[in-house]
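Quick note: residue numbers are just sequence positions, from 1. Ligands are counted one by one from 1 in listed order, and the atoms in each one are counted from 1 as well. The figures that follow rest on heavy atoms only: side chains count, while hydrogens, waters and symmetry mates do not. Every value quoted in this text rests on a predicted model; they were computed, and no experiment measured them.
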Amino acid sequence: MDMTPFEQSESSVRGYCRAYPTVFASASNARQTAEDGTSYIDFFAGAGVLNFGHNDPRMKAAMIAFLESDGVAHSLDTYTTTKRDFIEKFRDVVLRPRDMDYRMQFTGPTGTNAVEAALKLARLTTGRREVVAFSGGFHGMTLGALAATANDAFRQWAGVPLTDVVRLPFETSPGGDTAVADYGAALRNASSGLTPPAAFLVEVVQAEGGVNLATAAWLHQVQDLAREVGALFIIDDIQAACGRTGSYFSFDGMGLDPDIITLAKGLGGFGTPIAMNLNKPFIDDSWSPGAHTGTFRGQGLSFVAGTVALDYFTDDVLMSEVATKGAVIRDRLEAIAAAHPEQDWEVRGRGMMQALDTGDGAFAKRVQQAAFETGLLIGPCGTGGQVIKLIPPLTIPDEDLAEGLDILDKAITTAAGVA
Ligand SMILES: Cc1ncc(COP(=O)(O)O)c(C=O)c1O
């Protein structure tokens with residue numbers, strides 16, 4: 001396999017390819033096949049993009065038909081038939097059944113674009129600068145989102161000060177149980193020197209941060225404080241939504257009422273880019289026409305595939321599979337942790353985002369390598385990459401799931417043997 005063109009000509013910044021040193025040639029549902037014919041089970045799914053697998057046949061057929069009919073592939077934010085179809089379907093399948101009243105803002109096509117737009121809208125709406133973000137939070141690589149991202153491994157490359165963010169411990173971090181209450185008390189104290197923030201930006205399940213789960217009670221505390229001090233409550237659901245945790249949104253059933261919800265990754269269904277914020281109408285009214293623009297906001301292929309993807313949410317079939325398969329993954333991880341009682345490993349997760357916290361980044365990296373060498377793609381996350389996160393496509397066949405978990409189990413044993 002010829003990797004020379006990448007190694008000679010592609011930027012040093014490339015990352016995932018170093019953990020998966022092969023050349024992928026094709027992919028179907030939960031498998032990718034390399035140029036040399038090696039088949040890999042994909043428990044990484046494009047970092048949480050491919051919830052419906054690689055090359056979903058229904059989406060592919062709709063995209064081919066769209067291309068063959070000379071549909072409008074690129075449209076800025078002009079009106080197109082495909083965008084109308086997407087908007088109507090999203091409204092009918094996701095918003096109306098939940099009685100949610102939001103406007104859809106298509107931003108530049110990646111998650112970080114959605115977060116930038118949300119932060120800007122919060123600052124515009126409130127006339128305030130600071131945003132509260134949490135330890136372990138991951139929100140993207142552009143400056144505003146990077147300022148809200150906690151991990152120093154990413155922050156150190158910014159090159160300019162990352163400002164206007166107040167950092168509080170996430171619920172599961174040290175001090176996280178009292179931090180929001182303490183911050184609220186300080187804001188109420190006229191001599192604290194603090195000014196109220198524009199927004200609280202939070203993930204319900206911190207994905208890149210190590211699969212850390214917030215409780216509904218803690219999230220309500222954050223939301224209540226936001227309301228009390230006139231700040232917006234923003235949920236970054238870029239990685240945890242679109243069915244990943246067992247329902248469309250990660251916060252479904254928690255009784256929360258976010259002012260802005262950021263979505264990207266799985267929204268386009270097929271893996272082509274699209275990002276969209278759901279803004280409460282009274283907040284969305286802060287925008288003037290064209291106040292936040294971007295060339296790639298009208299992604300025809302993503303609208304087409306994203307509309308088909310919403311079919312997965314018109315009944316309970318896929319979400320009950322997520323519950324079943326999520327339990328299979330969790331049971332296996334718990335068995336693995338129990339088989340290594342000398343290690344203090346913790347299993348965490350919701351739906352089909354499950355993880356084994358090994359407490360040791362070097363070990364998790366060895367597991368990733370051993371898994372790759374035996375046909376499984378996984379991606380560590382969390383501080384120092386110590387958490388082995390499993391996010392296979394929600395559509396993964398049971399046999400592939402079982403085989404992938406067997407490979408993982410062996411990879412862990414192999415890595416544990418290499419001190
Ligand atoms: C919760 C969350 N927010 C934002 C982002 C940034 O998205 P993107 O990489 O598409 O810019 C990510 C990416 O992993 C994410 O997990």
Side-chain angles (χ1 to χ4, degrees), residues 13-16 19 43-51 105-120 122 131-151 153-155 157-158 162 165 170-172 199-214 219 222 233-245 248-251 258 260-278 294 296-297 299 302 306 349-353 355 378-383 385 387 389-391:
V13 81
R14 63 195 193 281
Y16 295 115
F43 275 15
F44 194 49
V49 168
L50 296 158
N51 284 8
Q105 180 186 357
F106 298 99
T107 67
T110 71
T112 200
N113 298 139
V115 172
E116 292 293 343
L119 295 178
K120 196 195 239 186
V131 166
V132 176
F134 294 89
S135 59
F138 184 94
H139 302 287
M141 289 295 104
T142 50
L143 281 184
L146 185 56
T149 293
N151 194 327
F154 297 114
R155 296 175 64 85
W157 306 106
L162 295 171
V165 168
F170 188 71
E171 181 179 14
T172 54
F200 291 72
L201 173 65
V202 68
E203 290 159 89
V204 171
V205 181
Q206 289 189 328
E208 296 306 306
V211 188
N212 307 312
L213 281 73
L219 289 161
V222 176
F233 179 55
I234 306 174
I235 290 187
D236 180 345
D237 224 12
I238 285 168
Q239 190 159 158
C242 306
R244 172 57 60 188
T245 59
Y248 192 83
F249 295 110
S250 64
F251 56 87
I260 303 177
I261 302 154
T262 62
L263 296 170
K265 292 205 190 252
L267 188 65
F270 197 77
T272 54
I274 183 174
M276 177 177 83
N277 284 350
L278 297 173
F296 292 106
R297 289 176 296 141
Q299 306 287 88
S302 302
R350 259 185 52 208
M352 283 179 73
M353 188 190 294
I378 51 169
C381 64
T383 310
V387 180
K389 179 175 67 169
L390 307 183
I391 44 170

What's the shortest distance from atom 2 (C) of ligand 1 to any protein heavy atom, and which residue and atom give it?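 For atom 2 (C) of ligand 1, the nearest protein heavy atom is F138 O, 3.3 Å.
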
Atom 7 (O) of ligand 1: which protein heavy atom is closest, and how many Å away?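 The closest one turns out to be G111 CA, 3.3 Å.
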
Answer yes or no for atom 9 (O) of ligand 1: protein heavy atom present at a distance under 4.0 Å?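 Under 4.0 Å from atom 9 (O) of ligand 1, zero protein heavy atoms found.
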
Member of T110, V115, L263 meeting the side chain to side chain contact (heavy atoms under 4.5 Å, CB included) criterion with I238: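 Only match with I238 under side chain to side chain contact (heavy atoms under 4.5 Å, CB included): V115.
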
Could you walk me through whether K389 and E208 satisfy the side chain to side chain contact (heavy atoms under 4.5 Å, CB included) test, starting with their C-alpha distance in whole Å, then the side-chain angles of each, then the deciding distance to 0.1 Å, before giving a yes or no? CA-CA 9 Å; K389 179 175 67 169; E208 296 306 306; 3.0 Å; yes

Let me see the working for F249 and L278 under side chain to side chain contact (heavy atoms under 4.5 Å, CB included), right down to the final yes or no. CA-CA 12 Å; F249 295 110; L278 297 173; 3.8 Å; yes

Tell me whether T112 contacts the main-chain N or O of M141 through its side chain, where contact means a donor paired with an acceptor under 3.5 Å.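 Checking the backbone N and O of M141 against the side chain of T112, a donor-acceptor pair under 3.5 Å is found.
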
Can you tell me how far OG1 of T149 sits from CG of L146, rounded to the nearest 0.5 angstrom?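 Those atoms lie 5.5 Å apart.
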
Using side-chain heavy atoms (C-beta onward) and a distance below 4.5 Å, is W157 in contact with V13?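 The answer is no; the side chains never approach within 4.5 Å.
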
Interfacing atoms of ligand 1 (cut-off 4.0 Å, heavy-atom, [X]):
X	answer
T112	6 (C), 7 (O), 8 (P), 11 (O)
D236	1 (C), 2 (C), 3 (N), 4 (C)
G140	6 (C)
Q239	14 (O), 16 (O)

E203 and ligand 1 - part of the residue with a heavy-atom distance under 4.0 Å: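 Side chain only.
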
So, T245 versus S250: side-chain donor-acceptor pair below 3.5 Å or not?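 No donor-acceptor contact under 3.5 Å links the two side chains.
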
I238-ligand 1 polar pair, N/O distance under 3.5 Å: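 In this structure, I238 places no N or O atom under 3.5 Å from an N or O of ligand 1.
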
Options K265, E208, Q206, ranked by nearest heavy atom to atom 13 (C) of ligand 1, top entry: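 Among K265, E208, Q206, the closest heavy atom to atom 13 (C) of ligand 1 belongs to K265.
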
